[in-house]
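What follows is a short report on a single structure.
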Amino acid sequence: MKLHINGESVEVPNSVDSVTELLTHFQLQDKVVIVELNKHILEKENHALTTVTDGDRIEIVHFVGGG
Amino acid sequence: MSDRYSRQTLFAPIGEKGQELISQKHVLLIGAGALGTGNAEALVRAGIGKLTIVDRDYVEWSNLQRQQLYHEADATNRMPKAIAAEKRLKEINSEVDVVAHVMDVTTEEIELLVEGVDLILDATDNFDTRLLVNDISQKHQIPWIYGACVGSYGLSYTIFPGKTPCLNCLLETVPLGGATCDTVGIISPAVQMVVAYQVTEALKILVEDDEALRNKLVSFDLWKNQHTAINVSKAKKESCKSCGSEPTYPYLSAGSHTKTAVLCGRDTVQIRPPEPKEINLEQLAETLQNQGGKVDQNPFLVNFSINDEHRMVIFQDGRVLVHGTKDIAEAKSLYHRYLG
Ligand SMILES: [Zn+2]
């Protein structure tokens with residue numbers, strides 16, 4: 001399926017079903033992240049239950065410590 | 001001299017009135033690494049009234065690629081970053097009151113540092129200090145600007161007490177480990193981009209143009225050509241222990257900060273003495289020399305190479321950086337063996 005992630009069109013395997021799986025796909029599973037799905041910010045506890053579908057607009061910001 | 005700020009006052013949202021406000025403001029900058037030196041230089045050039053700059057580390061060769069206030073002699077002489085930054089900043093703009101502290105910031109220090117401060121800028125490299133900054137910001141209603149970067153990635157967010165969610169609301173949990181500048185590297189444009197976001201928001205706050213604030217969590221990856229901004233206002237939590245209706249400021253309470261800390265990705269352990277003390281560095285250098293190993297010093301610290309693997313740097317305030325280990329127990333045993 002095709003998703004719009006951080007402003008870019010990205011092809012993601014159809015096996016990616018939830019936001020949690022999407023984060024794992026991008027190797028962000030161990031990071032603290034903020035996810036916005038179609039302009040709605042998601043609660044972290046809902047990442048596993050929220051499904052992603054073709055054409056979704058997703059913004060992902062992960063926190064890093066360096067400075 | 002009189003047209004020093006002319007290009008900035010010509011910029012309508014600042015103007016003469018804004019410049020006057022900037023010249024009366026006091027900014028506290030925590031960290032004098034990549035983000036710290038970038039922010040400091042921009043604010044000092046912009047003519048802020050007072051800049052307090054705090055850092056616990058000294059300049060190393062690996063810093064010179066991106067930490068813009070330092071030069072080779074600072075690395076050769078292992079100058080404390082706060083001191084080297086202060087010197088350079090005063091050369092850039094002698095009108096600004098620049099105050100430097102070679103200091104590790106924990107609860108006790110931060111309570112003293114925020115007195116009379118209008119804005120706190122985050123240029124640290126760890127979340128322990130950021131959450132401390134976040135709590136003090138809420139307690140004293142002082143805005144602060146988070147900034148961080150690694151690789152070609154960076155992000156920033158402006159936290160305005162009473163208006164925006166705080167860092168604790170956004171994180172929920174403290175991020176552990178992960179990529180740091182020392183494990184995956186960093187390119188200087190990523191630093192400069194975060195600095196640009198931080199300084200711009202800082203100027204808006206200093207000229208009291210709150211309307212102009214971004215209100216979004218912004219992030220980018222310059223190498224991957226990505227750019228994102230998320231409106232996180234809904235992430236503000238009533239139950240937040242830092243900014244909610246019944247705050248306890250958990251990160252300000254003593255005990256959440258240990259006397260030892262592993263410096264992220266640096267193969268270094270910092271050990272703080274139970275009480276701050278003034279070390280006689282001359283005397284210490286002599287004592288260590290007699291125990292073997294290679295000793296050199298500057299007015300701010302003593303560098304003691306124990307063997308090929310381990311090296312200790314002792315600061316005037318009694319803090320010690322044990323290089324060459326991530327193991328707190330090993331670091332402590334070296335500390336006690338040589339420093340009692
Ligand atoms: Zn909060």
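We name chains A, B, ... by the order of the sequence lines, and we start the count at 1 in each one.
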- Region of B/Leu171 in contact with chain A, defined by heavy-atom distances below 4.5 Å: both
- Query: If you round to the nearest 0.5 Å, how far is CD of A/Glu59 from OG of B/Ser219?
  - Reply: 8.0 Å
- Exceeds 12 heavy-atom contacts within 6.0 angstrom, atom NZ of B/Lys241: no
- Note on the structure: To the nearest 0.5 Å, atom CD1 of A/Ile41 lies from atom OG of B/Ser233 at 8.0 Å
- Please determine, among B/Phe220, B/Tyr153, B/Tyr157, the option with the most heavy-atom pairs under 4.5 Å with chain A. B/Tyr153
- Nearest 0.5 Å please: distance from the NE2 atom of B/His227 over to the CD atom of A/Glu8. 12.5 Å
- Query: Checking B/Val232 against chain A: side chain, backbone, both or neither under 4.5 Å from a heavy atom?
  - Reply: both
- Query: From A/Ile34 CD1 over to B/Leu170 CG, what is the distance, rounded to the nearest 0.5 angstrom?
  - Reply: 4.5 Å
- Item | Spatial distance of atom CD (A/Glu45) from atom CD (B/Glu172) [nearest 0.5 Å] | 6.5 Å
- Could you tell me whether B/Trp61 atom CH2 has more than 12 heavy atoms of other residues or ligands within 6.0 Å of it? yes
- A/His40 versus chain B, the contacting section by heavy-atom distance below 4.5 Å: neither
- Item | Nearest heavy atoms of B/Ala148 and A/Gly65, plus distance in Å | CB-C, 4.3 Å
- Distance, nearest 0.5 Å, that separates OG1 of B/Thr228 from CD of A/Glu36: 9.0 Å
- Task: State, yes or no, whether a side-chain contact exists between A/Val64 and B/Phe127 at a heavy-atom distance under 4.5 Å.
- Result: no
- Note on the structure: The interface call for B/Ala123 against chain A, heavy-atom contacts under 4.5 Å, is backbone
- Task: Could you tell me which portion of B/Leu167 (side chain, backbone, both or neither) has an atom closer than 4.5 angstrom to a non-hydrogen atom of chain A?
- Result: side chain
